[in-house]
Amino acid sequence: VRHFIKFSDLTKDEIHHVFERSAALKAERARGVYLHQHLKGRGVGMIFNKNSTRTRVSFECGITELGGHAVVLSEGQTQFSRGEPISHSARVLSRYLSALVIRTYAQSQLDDLAKYGSIPIINALTDEGHPCQILTDIFTAVEKFPGQPVEKMKMAWIGDGNNMANSWIEAAGVLGFPLTLACPEGYDPDKTVLARAQSANPNVKLVRDPKEAAAGAWAVKTDVWARMGQEGEQKEREKAFKGVYIVDSALMAKADPKAIFMHCLPAHIGEEVTEEVLESLA
Ligand code: NVA
């Protein structure tokens, strides 16, 4: 059974295949054609132990359009919060569902579901990573820069070394594009993830100065200063981020003239990004 628990679970070739299939399905969808019913008659579970808007809707619509049914399981309405071993749910869910999408806190929960279950486990965000978001962000870059190889796309990350940053680092390790992250001291991404990516791709760099990271970038990306589960640290974090780790027009001017800005949303306007830069996306 194959899983997508961390970005590096896919090979470079597989990722390019996903992009080709996505482009084809997206083009069909734009014509109102839903030919590919790969999930016809199948149930796909979706567990949300954290809030979700876009990830939930995109998965649920995707599953429906591929002919399947999304079984949405929220923490408060299931038995998950009653402290039973994850193996008990994993085994039974595997007998009904064809795959399981999960958004939760610890990534180890996904590893346990994969260990005790027998269906593909898909990471819809954990404290450690957000691989589906990064996969789709890179697909967007591929769409925005047609004909350009992914390896040439210089990427910049500004801000917290969070779950998004970790998955960007893994992606750079697998796909080989240059990535410079500017994170405040004390808010670095996962050291093991960084070291592993750097051994595969020497152009993965961690700096402190956002201007250094943004210089010549094709895509500038950021995220909130406190991700879900860290909201209580907001005030403390502001001291390290405020006024410096913000993507504004001046920072975008350092990037390549064709550069795009990306944000996984929700955004805190005026904190990590200005309204002007964010609205340039709309
Ligand atoms: N980094 C964010 C992503 C939200 C989609 C978080 O985990 O809060």
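FYI, the numbering just counts along the sequence from 1. The figures that follow rest on heavy atoms only: side chains count, while hydrogens, waters and symmetry mates do not. Indexing begins at 1, ligand by ligand and atom by atom, following the structure's order.
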Heavy-atom pairs closer than 4.0 Å: do any link ligand 1 to the side chain of L125, the backbone, both, or neither?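 Only the side chain of L125 comes within reach of ligand 1.
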Counting C-beta onward and ignoring hydrogens, is there a side-chain heavy-atom pair between K50 and D127 closer than 4.5 Å? yes
Of all the atoms in ligand 1, which lie at a distance below 4.0 Å from a heavy atom belonging to [X]?
X: L265; result: 4 (C), 5 (C)
X: C264; result: 3 (C)
X: N162; result: 1 (N)

Establish, yes or no, whether the cationic atom of K221 lies under 6.0 Å from the six-membered ring centre of F261 and within 45° of the ring axis.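 No, a cation-pi geometry is absent between K221 and F261.
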Let me see the working for K115 and D112 under salt bridge (charged side-chain N to carboxylate O under 4.0 Å, His left out), right down to the final yes or no. CA-CA 5 Å; K115 182 172 167 196; D112 287 346; 5.5 Å; no
Compute the shortest N/O to N/O distance between [X] and ligand 1 and return yes if it is under 3.5 Å, no if not.
X: D223; value: yes
X: N163; value: yes
X: M164; value: no

Considering heavy atoms of the protein only, find what lies nearest to atom 8 (O) of ligand 1 and give residue, atom and distance to 0.1 Å. M228 N, 2.7 Å
When you check the side-chain N and O atoms of E272 and T222, is any donor under 3.5 Å from an acceptor? no
Please state whether the rings of H36 and H38 are parallel, tilted or perpendicular, taking 30° and 60° as the class boundaries.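 It falls in the parallel class, under 30°.
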Can the ring centroids of F145 and W218 be said to lie less than 6.0 angstrom from one another? yes
